[in-house]
J.: 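One structure, pasted below without further comment.
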Protein chains: 2
Amino acid sequence: MVGSPGEQPAVARSRQVGRPRRSEQALLEAAAAVFVRSGVDAPVREIAAKAGVGTGTIYRHFPTRPELVVAVYRHQVESCAEAGPRLLAESANPEAALRAWVDLFVDFLVTKHGLAGALQGDSAGSDALHTYFVDRLVPVCGLLLGAALESADTDPSVDAYNVLKAIGNLCIGAAGDARYEAAVLVQLLISGVLAGAAH
Amino acid sequence: MVGSPGEQPAVARSRQVGRPRRSEQALLEAAAAVFVRSGVDAPVREIAAKAGVGTGTIYRHFPTRPELVVAVYRHQVESCAEAGPRLLAESANPEAALRAWVDLFVDFLVTKHGLAGALQGDSAGSDALHTYFVDRLVPVCGLLLGAALESADTDPSVDAYNVLKAIGNLCIGAAGDARYEAAVLVQLLISGVLAGAAH
DNA sequence: TAACTTTACGGAACGACGTTCCGTAAAGCA
DNA sequence: TGCTTTACGGAACGTCGTTCCGTAAAGTTA
């Protein structure tokens with residue numbers, strides 16, 4: 001290498017030697033399976049065991065636990081985000097679109113045990129999960145919310161970030177508490193938001 | 001004692017020998033101070049250190065961490081509970097009473113960093129914190145909610161348990177996120193509940 | 001006062017967690 | 001056939017809640 005003409009930049013040369021990387025896809029599938037069985041808070045060791053892999057391998061692909069969670073649910077978050085504009089176009093009115101989208105989001109959060117709780121992000125500001133959800137979904141929520149508010153001729157009392165975080169919070173602990181009806185409460189919150197009356 | 005006439009039941013004889021118990025009050029004050037500085041999630045070791053005590057002593061008085069938290073905030077929960085009927089009597093109308101009480105509760109939860117989050121109770125059904133809050137505050141919430149609904153001539157769409165838990169959830173992560181306005185969101189939820197329209 | 005008993009004490013120890021680290025062996029290159 | 005590079009598994013680390021245990025202080029009895 002020393003004697004060769006240095007055409008190719010050193011940075012482009014990577015992953016040429018050594019074992020092939022275990023496909024991230026296999027890890028993600030194992031993680032998804034464990035999340036279904038044991039919830040999103042399942043230990044990393046359990047995921048590693050399910051994938052037939054050491055914990056180090058998990059961390060080499062996903063440097064931190066939240067990043068693994070993000071990766072597992074990225075597709076579903078994406079499709080939830082994409083559903084927003086579509087619902088707005090297809091629905092009878094903006095409010096119906098907003099309510100349908102919110103139902104979609106709630107169902108997603110409640111189905112994945114513990115996901116809503118994991119959204120908070122620890123004290124540090126660098127929680128990948130929280131950041132990703134906010135970045136991807138706040139604009140969608142804002143689109144639908146803005147349309148619904150305009151259609152209702154109501155001044156906004158809170159912004160899309162607040163609404164999204166509120167929905168996430170309302171879904172915490174919904175699975176595993178049969179008396180708690182997250183979906184209804186979220187719709188009631190939307191009613192309040194569209195009424196524009198914080199009092 | 002063996003030769004004495006056995007008037008007093010054996011069960012009444014306790015705490016006669018040995019060191020005096022460290023006053024629980026001192027432990028509670030140390031815990032409260034640490035909770036203010038480091039949040040409700042502060043490690044038990046930190047509380048023990050602040051109280052100048054071993055961790056064992058903490059656990060002898062409060063068998064589990066949530067029970068310590070309950071003990072620390074019992075007074076404030078109590079006064080929040082007592083405020084309910086008083087507000088109902090003093091306010092111009094039931095809705096105003098409900099909204100004032102809810103503000104009280106929200107302020108309480110948001111002020112104590114992490115308390116709202118701790119309310120969830122882990123997967124096991126035996127979380128002292130959750131149980132205590134529910135037992136003490138659901139009836140109060142029910143009283144105010146019932147009066148407000150009746151006054152608004154609205155059919156209830158959710159029960160007091162749902163409303164209380166929803167409020168608790170909405171307050172999660174409120175401290176430490178300046179953009180998130182828990183109090184406003186809670187009032188909007190109340191608006192939706194009193195409107196009786198889950199859609 | 002001098003044993004003896006009872007009890008709360010402090011802090012080491014345990015198990016579970018997220019995360020980091022390192023010796024090893026497989027895969028490509030010469 | 002060796003050498004280099006790399007991902008690998010899993011031991012090790014630091015932190016948490018909780019449990020355990022040897023010790024010493026306080027009360028009781030002689």
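Values in this document were obtained by computation on a predicted structure and should not be read as measured data. Protein chains get the first letters and strands the later ones, always in sequence-line order, with residue 1 at the start of each.
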J.: For the pair made of CD1 in A:Ile47 and P in C:dT19, what is the distance, rounded to whole Å?
T.: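 It is 11 Å, rounded to the nearest whole Å.
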
J.: Nearest-Å distance, CZ (A:Phe62) to P (C:dT19)?
T.: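 Taking CZ of A:Phe62 and P of C:dT19, I get 14 Å after rounding.
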
J.: For A:Leu129 and C:dG18, what is the distance between atoms CG and P respectively, to the nearest whole Å?
T.: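 Result: 14 Å.
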
J.: Rounding to an integer number of Å, can you tell me how far B:Ile58 CD1 sits from D:dG17 P?
T.: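 In whole Å, D:dG17 P and B:Ile58 CD1 are 11 Å from each other.
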
J.: Quick check: on DNA chain C, is the nucleotide nearest A:Thr55 upstream (toward 5') of the one nearest A:Pro43, or the reverse? Name the residue that is more 5'.
T.: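 It is A:Pro43 whose nearest nucleotide is closer to the 5' end.
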
J.: Quick one: on DNA chain D, does A:Arg45 or B:Ala42 contact a more 5' nucleotide (nearest heavy atom)?
T.: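 First, find each residue's nearest nucleotide; the 5'-ward one identifies A:Arg45.
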
J.: Can you confirm whether B:Arg60 sits close enough to B:Thr57 that some side-chain heavy atom of one is under 4.5 Å from a side-chain heavy atom of the other?
T.: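 SC-SC contact between B:Arg60 and B:Thr57 confirmed.
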
J.: Check this for me: B:Glu90, atom CD, are more than 12 non-hydrogen atoms of other residues, nucleotides or ligands nearer than 6.0 Å?
T.: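 For B:Glu90, atom CD is crowded (more than 12 foreign heavy atoms under 6.0 Å).
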
J.: Given D:dG9, D:dT18, C:dA8, which nucleotide is nearest the side-chain atoms of B:Arg65?
T.: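 Minimum distance to the B:Arg65 side chain belongs to D:dT18.
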
J.: Could you state the atom-to-atom distance from CD of B:Glu46 to P of D:dG14 in whole Å?
T.: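 Between P of D:dG14 and CD of B:Glu46: 19 Å.
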
J.: B:Thr57 side chain N/O closer than 4.0 Å to the phosphate oxygens (OP1, OP2) of C:dG10?
T.: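 Affirmative; the distance criterion is met.
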
J.: Please give, in whole Å, the distance from C:dG18 P to A:Leu68 CG?
T.: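 So the two atoms are 11 Å apart, to the nearest Å.
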
J.: With under 30° as parallel and over 60° as perpendicular, where do the rings of A:His130 and A:Tyr161 fit, or are they tilted in between?
T.: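 Answer is perpendicular, since the angle exceeds 60°.
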
J.: For a side-chain contact (heavy atoms from CB on, under 4.5 Å) check, start with the C-alpha distance between A:Glu67 and A:Tyr132, then their side-chain angles and the critical distance, and finish with the verdict.
T.: CA-CA 9 Å; A:Glu67 293 183 54; A:Tyr132 174 62; over 6 Å; no

J.: Rounded off to whole Å, could you give me the CZ-to-C1' distance for the B:Arg60 and C:dG11 pair?
T.: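 Distance, rounded to whole Å: 11 Å.
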
J.: Can you tell which of C:dG10, D:dA11, D:dT18 lies closest to the side chain of B:Thr64?
T.: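 For B:Thr64, the side-chain atoms sit closest to D:dT18.
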
J.: So B:Phe133 and B:Phe108, would you call those rings parallel, tilted or perpendicular, with 30° and 60° as cut-offs?
T.: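 B:Phe133 vs B:Phe108 ring planes: parallel.
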
J.: Taking atom P of D:dT18 as reference, at what distance in whole Å does atom OH of B:Tyr59 sit?
T.: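 B:Tyr59 atom OH is separated from D:dT18 atom P by 4 Å.
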
J.: Counting side-chain heavy atoms from C-beta on, which of D:dC8, D:dG17, C:dG10 comes nearest to B:Val44?
T.: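 That would be D:dG17.
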
